[in-house]
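Working notes, structure below.
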Amino acid sequence: NAGVTQTPKFRVLKTGQSMTLLCAQDMNHEYMYWYRQDPGMGLRLIHYSVGEGTTAKGEVPDGYNVSRLKKQNFLLGLESAAPSQTSVYFCATLNPAGTNQPQHFGDGTRLSIL
Amino acid sequence: AQSVTQLGSHVSVSEGALVLLRCNYSSSVPPYLFWYVQYPNQGLQLLLKYTTGATLVKGINGFEAEFKKSETSFHLTKPSAHMSDAAEYFCAVSPSGGSYIPTFGRGTSLIVHP
């Protein structure tokens, strides 16, 4: 049982390049989230999805796009990478059934934009 | 609207000493409260959560937290620190009623000295 798997784990990009981060889950959770973590800033929500085919903006959505074509996958895209997007990106899932379920997190993708 | 304040970006204790990590929240509805721990190069893992009922919540690794509604606090404690407790700790609040969009504090780095 892998839980939440993020691909790749590390990546270095040049300014202006594009890339897609993949989050895959095997827990059949409805909700999926993308966060970025920067020193002293905690976790900030980029985009989230409440189910297959749905997406919504979070706190810091600019410069990112997402897609949830399949329930188990949530993709985060950077169309034209900027140095300000250097960060550690975390994917999380949640099963809304039952009361106050916690989120389950992947191990992160460390992205550097030069 | 909801927010989380973690007092102290760094807390330093000696091995065997009491650990106290502070979390205050604001929420317009009764909150669900969580503490997560993040070890280096890993994602966040649930330590404990407050649902309803008992205000003193016990979690993994000997940690516990007490929900104090009058003080809007959910401080995390452990009677005796261990070297392995050194990590980043995040408090999160999620509104009851089905939003499932948690808000995270900025995190507190726990440093344990031998």
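The chains referred to below are lettered A, B, ... by the order of the sequence lines, with proteins before strands, and numbering in each begins at 1.
- Heavy-atom distances place both the backbone and the side chain of A:L43 under 4.5 Å from chain B.
- Between the side chains of A:S87 and A:D38, at least one donor N or O lies within less than 3.5 Å of an accepting N or O.
- Under the 30°/60° scheme for interplanar angles, the aromatic rings of B:Y89 and B:F63 are found to be tilted.
- Residues B:T103 and B:Q2 have side chains that bring a donor and an acceptor to within less than 3.5 angstrom of each other.
- At a 4.5 Å heavy-atom cutoff, the contact between B:L44 and chain A is made by backbone and side-chain atoms alike.
- For the set B:Q45, B:Q38, B:E88, the count of heavy-atom pairs under 4.5 angstrom toward chain A peaks at B:Q38.
- Residue B:H113 holds its NE2 atom at 2.5 Å from OG of B:S12, rounded to the nearest 0.5 Å.
- For the options B:S94, B:G107, B:P102, B:G105, heavy-atom pairs under 4.5 Å to chain A are most numerous at B:P102.
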Quiz item: After noting the C-alpha distance and the side-chain angles of A:E52 and A:R68, does the key distance pass the salt bridge (Lys or Arg N to Asp or Glu O under 4.0 Å) rule?
Solution: CA-CA 6 Å; A:E52 181 179 316; A:R68 183 107 181 260; over 6 Å; no
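- Heavy atoms closer than 4.5 Å to chain B are found nowhere in A:R44, neither backbone nor side chain.
- Heavy atoms of A:Q103 lying under 4.5 Å from chain B belong to its backbone as well as its side chain.
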